[in-house]
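Right, one structure below, let's go through it.
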Amino acid sequence: ESAIQQNVHLLLPFASTLSVSSSNEVPSYKGLLVVHLRMGVFDVQCYKFHKQSTQARGWSELPDIPDKFNPPAEEEWEARHDYYYKSCSPSFYQIINKLKAIRESDQGKDIRALYLMSDGTLDYLKNLATVLMEDAGWEFVSTTRDMVYSPEQQFVSQAVELAIAQRAEMYLGNVVRVSFFNA
């Protein structure tokens, strides 16, 4: 909790936490979209997903999720390969286009701040944040690399990010494979 409170200005510089009706409720952050972007050396994992015909699990199985994971038939190897990689390891411009589309959608019209949870490099995330604000209509973008933690908080930084994602008005990501959908 202390790590979240210490960094909340990075998540919602222009808004406040919604009030809660009891002390047992977790506050939510109206106007915040959290996106999980798995970067690094994820290509090997994407290949394994494709080779093993891994299907999406968890949130993506809910009936109201707009971005269903429906890869082409196994006989269509090249198209299937491309489908897995676009879903599993999206390009810089795929990310921008998807987030721009969300920002312009009815569901995203009130979302003003974007938090990118990612193991991407500082330069990559800075460039992505700049393009998202200048070209995709986002008012504020912050990333994992912007967070400030004490030495004790650093050990639980992934749990902190998951708590932030849980409190966000909107979340994009997936537990088994990285893909984009609106939860």
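What you see is a predicted model, and the numbers here were worked out from it, not measured in a lab.
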Would you find more than 12 non-hydrogen atoms of other residues, nucleotides or ligands less than 6.0 Å from E104 atom CD?
yes
Nearest 0.5 Å, please: how far is CE in M147 from OG in S157?
8.5 Å
After noting the C-alpha distance and the side-chain angles of I102 and M170, does the key distance pass the side-chain contact (heavy atoms from CB on, under 4.5 Å) rule?
CA-CA 10 Å; I102 289 168; M170 191 181 290; 3.9 Å; yes
Of the non-hydrogen atoms in V141 and A129, which two are nearest, and what is the gap between them?
CG1-CB, 3.6 Å
Taking all heavy atoms of L10 and all of F140, pick out the closest pair and write down the distance.
O-CE2, 2.7 Å
V148 backbone acceptor or donor facing N7 side chain under 3.5 Å:
yes
Using only atom types and a distance under 3.5 Å, with no angle test, would you say the side chain of T143 pairs donor to acceptor with the backbone of L125?
no
Just by modelled atom types, is the D123 backbone N or O under 3.5 Å from a matching donor or acceptor in the R145 side chain?
no
S28-E169 side chain donor-acceptor pair, cut-off 3.5 Å:
no
Criterion side-chain contact (heavy atoms from CB on, under 4.5 Å) on Y115 and L12, from CA distance to verdict
CA-CA 9 Å; Y115 179 67; L12 295 169; over 6 Å; no
For a 4.5 angstrom cut-off between non-hydrogen side-chain atoms, does L128 reach T130?
no
For the residue pair S2 and Q153, what are the closest heavy atoms and their distance?
OG-NE2, 2.9 Å
Tell me, with the steps shown, if V35 and L33 meet side-chain contact (heavy atoms from CB on, under 4.5 Å).
CA-CA 7 Å; V35 179; L33 165 62; 3.9 Å; yes
Hey, are the side chains of L114 and L132 touching, using non-hydrogen atoms and a 4.5 Å cut-off?
yes
Can you confirm whether the side chains of Q166 and Y171 place a donor and an acceptor under 3.5 Å from each other?
no
For the student: nearest non-hydrogen atoms of G108 and R103, plus distance
O-NH1, 3.2 Å
Out of curiosity, does F92 fall in the hydrophobic cluster containing I95 (side-chain heavy atoms, cut-off under 4.5 Å, transitive links)?
yes
Strictly below 4.0 Å, N to O, side chains only: are E161 and R167 in salt-bridge contact?
no
Are side-chain heavy atoms of D119 and T144 found at a separation under 4.5 Å?
no
For W138, is the NZ or CZ atom of R112 found under 6.0 angstrom from the centre of its six-membered ring and inside 45 degrees of the ring axis?
no
Should L99 and L172 count as side-chain neighbours, where that means a heavy-atom distance under 4.5 Å?
yes
Kindly give the heavy-atom pair with the smallest separation between E139 and M133, and that separation in Å.
O-SD, 3.8 Å
Shortest non-hydrogen separation from L32 to L11 and the atoms involved
CD1-O, 3.7 Å
For this output row, return yes or no: ring centroids of F155 and Y149 closer than 6.0 angstrom.
no
